[in-house]
Protein chains: 2
Amino acid sequence: MSDTRENIVDKAEELIRTKGYNAFSYGDIAGVLHIRNAAIHYYFPSKADLGVSVVDREIDKIASSREEWGDLPGNVQLRKVVERFYGSHRRGWICLNGSLTPDFLTLPDPLQKRVKEMCEVILDWMTESLEKGRKDGTLAFAGEAESRALLVISSLLSSLLLSRVLGKEVFTRMLDQLLKDIECAPDR
Amino acid sequence: MSDTRENIVDKAEELIRTKGYNAFSYGDIAGVLHIRNAAIHYYFPSKADLGVSVVDREIDKIASSREEWGDLPGNVQLRKVVERFYGSHRRGWICLNGSLTPDFLTLPDPLQKRVKEMCEVILDWMTESLEKGRKDGTLAFAGEAESRALLVISSLLSSLLLSRVLGKEVFTRMLDQLLKDIECAPDR
DNA sequence: TTGTTTACTTACTAGTAAGTAAGTAGTTTT
DNA sequence: AAAACTACTTACTTACTAGTAAGTAAACAA
């Protein structure tokens with residue numbers, strides 16, 4: 001993949017995660033990369049193509065992390081995910097899910113499909129990690145793992161959204177409480 | 001308030017909660033109300049003014065519900081809120097919070113201010129309801145009420161977002177689990 | 001050396017956005 | 001009866017938006 005192509009996807013991801021899909025334009029990307037709008041159309045004929053590339057890359061990233069961390073205990077897997085959200089929070093970025101699901105109905109069909117796929121992959125992964133944690137004794141929670149996974153994903157997604165509006169300390173409060181709720185041997 | 005004015009705010013709220021603030025235009029509203037774009041500018045000189053009106057009305061609605069339900073037990077207050085989310089879910093609408101916080105950085109200043117205010121009001125109300133529920137013995141949860149309120153708000157907000165993408169059964173799953181987690185005497 | 005592909009730029013189109021200025025029909029006030 | 005106000009419409013401007021067509025300089029391939 002050429003540098004320019006990758007830089008475009010990088011910038012598109014940043015813009016989606018700060019301003020939202022409907023609020024950024026090819027001009028925003030062209031401006032900072034010092035290229036022309038048409039150069040972006042050369043790599044990504046339509047804005048939908050660019051959006052799809054951003055989401056596809058995220059799906060790939062999730063798949064590699066899942067593989068890389070597969071052997072770790074359930075609670076450590078969860079903490080790794082939480083760590084990644086800390087990274088996003090530090091940069092002031094929300095997650096792709098938190099940015100794209102509110103705009104879902106306005107997204108072009110192929111992009112909707114990828115967003116759905118991404119959601120399913122995340123849910124499946126989180127469900128597996130929680131199940132593993134319950135089995136290996138590092139996590140404890142009531143109910144089905146998938147329902148719990150949905151609630152955990154909620155908290156992660158919303159912690160980035162709400163902390164942007166209510167102040168950054170909200171982020172830590174939420175994720176601290178989340179881990180206390182579900183971890184078996186909380187460090188003190 | 002004139003009919004036209006109220007109809008415009010109604011439609012704007014619907015559009016914000018289905019397509020998002022940056023994805024709707026005065027034309028969308030004018031089309032269904034059979035008026036001209038300029039008629040909307042007559043009542044709301046700028047799009048920001050219209051957005052502010054939508055959020056202000058929501059803040060007022062929250063204040064009246066809070067007053068109306070103030071004497072109910074904590075768990076009933078919570079269930080009233082959950083019921084309202086069921087209503088939104090049935091119509092396919094997300095909540096104003098879930099729609100406006102992702103776009104927060106793109107919103108004009110006065111609208112950002114109102115969104116923040118709305119978030120604070122919701123958090124304060126939910127915190128109070130949870131505290132009351134813990135005192136009156138209808139709710140049980142670990143940690144501070146405000147942290148718990150943040151997580152409950154998360155789940156409500158995200159249940160609308162995620163069910164839109166993953167399928168409507170996700171909504172019930174999430175809210176059922178949420179209530180089981182926190183209610184003292186779950187009905188069976 | 002010629003032809004082709006890559007990675008763009010320049011210059012453009014067509015559509016849509018918010019917003020404004022001036023006009024008007026009907027109602028209310030003086 | 002005249003003046004003023006209300007609730008709009010018509011007609012317009014300015015500023016983007018995504019997207020396209022044609023051209024070009026440099027690298028590469030036959």
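Below, chain A is the first sequence line, B the second, and so on; all start at residue 1.
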**Prompt:** Under the side chain to side chain contact (heavy atoms under 4.5 Å, CB included) criterion, do B:Gln112 and A:Val165 qualify, and how do the steps go?
**Reply:** CA-CA 8 Å; B:Gln112 281 197 0; A:Val165 175; over 6 Å; no
Rounded to whole angstroms, how far apart are [atom1] on [X] and [atom2] on [N]?
| X | N | atom1 | atom2 | value |
| --- | --- | --- | --- | --- |
| A:Asn22 | C:dT16 | CG | C1' | 14 Å |
| B:Tyr42 | C:dA22 | OH | P | 18 Å |
| A:Phe44 | C:dC8 | CZ | C1' | 14 Å |
| A:Arg5 | C:dC8 | CZ | C1' | 15 Å |
| B:Ile40 | C:dA17 | CD1 | P | 11 Å |
| A:His41 | C:dA7 | NE2 | P | 18 Å |
| A:Asp49 | D:dG19 | CG | C1' | 12 Å |
| A:Asn37 | C:dC12 | CG | C1' | 13 Å |

**Request:** Map B:Asp28 and A:Ile35 onto DNA chain C by nearest heavy atom, then report which one ends up closer to the 5' terminus.
**Result:** A:Ile35
**Message:** Would you compute the distance between atom CD of B:Gln177 and atom OG of B:Ser155 and round it to the nearest 0.5 angstrom?
**Reply:** 10.0 Å
**Item:** Separation between CE of B:Met174 and CD1 of A:Ile153, rounded to the nearest 0.5 Å
**Value:** 8.5 Å
So if I take every side-chain heavy atom of [X] and compare against [options], which nucleotide ends up nearest?
| X | options | result |
| --- | --- | --- |
| B:Ala38 | C:dT20, D:dC8, D:dG19 | C:dT20 |
| B:Ser46 | D:dC8, C:dC8, C:dG19 | C:dG19 |
| B:Arg36 | D:dC8, C:dG19, D:dT10 | D:dT10 |
| B:Ala39 | C:dC8, D:dG19, D:dT9 | D:dT9 |
| A:Ser25 | D:dT17, C:dC8, D:dT9 | D:dT17 |

**Request:** Assign B:Phe24 to base, sugar-phosphate, or nothing according to its heavy-atom contacts below 4.0 angstrom with the strands shown.
**Result:** sugar-phosphate
**Asked** Touch check for A:Tyr26, heavy atoms < 4.0 angstrom, all strands: base, sugar-phosphate only, or nothing?
**Response** sugar-phosphate
**Complete:** Per side-chain contact (heavy atoms from CB on, under 4.5 Å), A:Ile29 is matched among A:Asn7, A:Asn37, A:Leu50 by A:Leu50
**Prompt:** Does A:Lys11 make a cation-pi contact with A:Phe24, if we ask for NZ or CZ under 6.0 Å from the ring centre and within 45° of the axis?
**Reply:** no
**Prompt:** Counting just side-chain N and O atoms, does B:Thr4 come under 4.0 Å of either OP1 or OP2 of D:dC8?
**Reply:** yes
